Amino acid sequence: MLAQETLGLVATPTQTTALGALMLEPEAVVSDPPLPAPEAEGVLLALLLLSPKEPKEPKGK
């Protein structure tokens with residue numbers, strides 16, 4: 001059987017209030033996520049379709 005010990009609060013009311021205020025602060029925005037650029041899709045597709053294709057040579061044995 002496990003023994004459990006209960007501990008009392010050691011912080012002062014001022015420290016408890018300060019800790020609560022720190023826990024409620026919102027997180028700062030570091031950077032926004034990358035946004036997709038729909039116009040880039042058309043350019044990439046056009047480059048893929050217009051790229052020169054080399055004929056595949058048959059494999060010799």
Side-chain angles (χ1 to χ4, degrees):
M1 189 183 226
L2 296 174
Q4 183 176 359
E5 183 179 341
T6 305
L7 298 176
L9 185 62
V10 188
T12 63
T14 306
Q15 291 172 334
T16 306
T17 305
L19 180 61
L22 287 173
M23 293 174 71
L24 292 177
E25 286 185 13
E27 292 185 14
V29 177
V30 176
S31 66
D32 292 332
L35 299 175
E39 63 275 1
E41 184 177 319
V43 172
L44 292 175
L45 183 60
L47 288 174
L48 180 65
L49 292 174
L50 297 175
S51 64
K53 297 182 181 181
E54 297 178 15
K56 295 184 179 180
E57 297 179 14
K59 294 182 180 179
K61 290 186 178 182

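This is a predicted model, so every value here is computed, not measured.
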Fill in: Thr17 side, atom OG1; Gln15 side, atom CD - distance, nearest 0.5 Å
10.0 Å
Practice prompt. Quick one: name the residues clustered hydrophobically with Met23, using the 4.5 Å side-chain heavy-atom rule over I, L, V, M, F, W, Y, and just say none if it's on its own.
Written response: Leu19
Worksheet item: Who else is in the cluster with Leu45 when I, L, V, M, F, W and Y are joined by side-chain contacts under 4.5 Å?
Response: Leu49
Worksheet item: For Thr14, which residues count as a side-chain contact (heavy atoms from CB on, under 4.5 Å) partner, sequence neighbours excluded?
Response: Thr12
